[in-house]
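First up is the structure itself, then whatever we jot down about it.
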Amino acid sequence: MEFLNKIELRGIVGQSSLNRVGDSQVCRFSLVTEYSYKDRSNNPIVDVTWFNITAWEGKNMPELHLIGKGVIVQVAGRVRTFRFTMADGAERSGWEILARRVTILPSDDDPVQPQRFL
């Protein structure tokens, strides 16, 4: 039996940075998603979630310099957790999405207004 760690997201890019590590490029960017529903009183609720994405150049990746603020993308990958120590000595943990595939989507096909989140 194979265990599964898989996530698929579609959202709007916030901040992004492109860096070179050895002979490869890596793009680290934030991605915002939303989930809309109504509560018991029929009030609209929008649950906004930000994700940190890491995408290495290669197969199933667009030109990484095209991933910039306001671009709508679809990301498939896996979740990675990590631990780190703050300057004050406090232990913290976090998580990121390691992208296996990133697809840039045309903005005219999606009614989402990117300026809403950025």
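Computed over heavy atoms, backbone and side chain alike; hydrogens, waters and symmetry mates excluded.
- Side-chain atoms of Glu91 and Thr85 include a donor-acceptor pair closer than 3.5 Å.
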(request) Determine, step by step, whether Leu9 and Leu31 satisfy the side-chain contact (heavy atoms from CB on, under 4.5 Å) criterion, reporting the C-alpha distance in whole Å, the side-chain angles of both residues, the deciding distance to 0.1 Å, and the verdict. (result) CA-CA 9 Å; Leu9 304 165; Leu31 184 75; 3.8 Å; yes
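- Atom CG of Asp47 is separated from atom OG1 of Thr33 by 7.5 Å, given to the nearest 0.5 angstrom.
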(message) For Phe29 and Val73: C-alpha separation, side-chain torsions, deciding distance, then whether side-chain contact (heavy atoms from CB on, under 4.5 Å) applies.
(response) CA-CA 11 Å; Phe29 60 97; Val73 297; 4.2 Å; yes
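- The minimum heavy-atom distance linking Glu96 with Thr54 is given by the pair OE1-OG1, 2.7 Å.
- Note that CE of Met61 is 9.0 Å distant from CZ of Arg100, once rounded to the nearest 0.5 Å.
- Note that CD1 of Ile53 and OG of Ser16 are 12.0 Å apart. Values are rounded to the nearest 0.5 Å.
- Open room surrounds CZ on Arg83; 12 or fewer heavy atoms of other groups in view lie less than 6.0 Å from it.
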(message) Using the rule given for side-chain contact (heavy atoms from CB on, under 4.5 Å), can you reason through Ile12 versus Val71, listing the C-alpha separation, both sets of side-chain angles and the distance that settles it, and then say yes or no?
(response) CA-CA 6 Å; Ile12 302 167; Val71 174; over 6 Å; no
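- Within the model, atoms CD1 of Ile104 and CG of Leu66 stand 4.5 Å from one another, a figure rounded to the nearest 0.5 Å.
- Val102 is listed as a side-chain neighbour of Pro62, based on a closest heavy-atom distance under 4.5 Å.
- Here CD of Gln15 is found 7.0 Å from NZ of Lys69. Values are rounded to the nearest 0.5 Å.
- Interatomic distance, Arg80 CZ to Asn5 CG, rounded to the nearest 0.5 Å: 11.5 Å.
- What you find for Trp95 and Phe82 is that their closest heavy atoms are N-CE2, 3.6 Å.
- Between Ser36 and Glu34, the shortest heavy-atom contact is OG-OE2, 4.0 Å.
- Using a 4.5 Å heavy-atom threshold, the side chains of Trp50 and Asn52 count as separate.
- Residues Gln74 and Thr103 bring no donor and acceptor atom of their side chains to less than 3.5 Å of each other.
- Counting only heavy atoms from C-beta outward, the side chains of Ile45 and Tyr35 never approach each other to under 4.5 Å.
- When the shell of 6.0 Å around CG of Asp88 is examined, it contains more than 12 heavy atoms from other residues, nucleotides or ligands.
- Within the 4.5 Å cutoff, side-chain heavy atoms of Ile7 are placed close to those of Ile97.
- Leu18 and Gln25 make their closest contact through CD2-NE2, 3.9 Å (heavy atoms, listed as atom of the first residue, atom of the second, distance).
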(request) Go through the steps to decide whether Glu8 and Arg101 satisfy the test side-chain contact (heavy atoms from CB on, under 4.5 Å), and finish with yes or no. (result) CA-CA 9 Å; Glu8 190 163 346; Arg101 182 181 67 241; 4.1 Å; yes
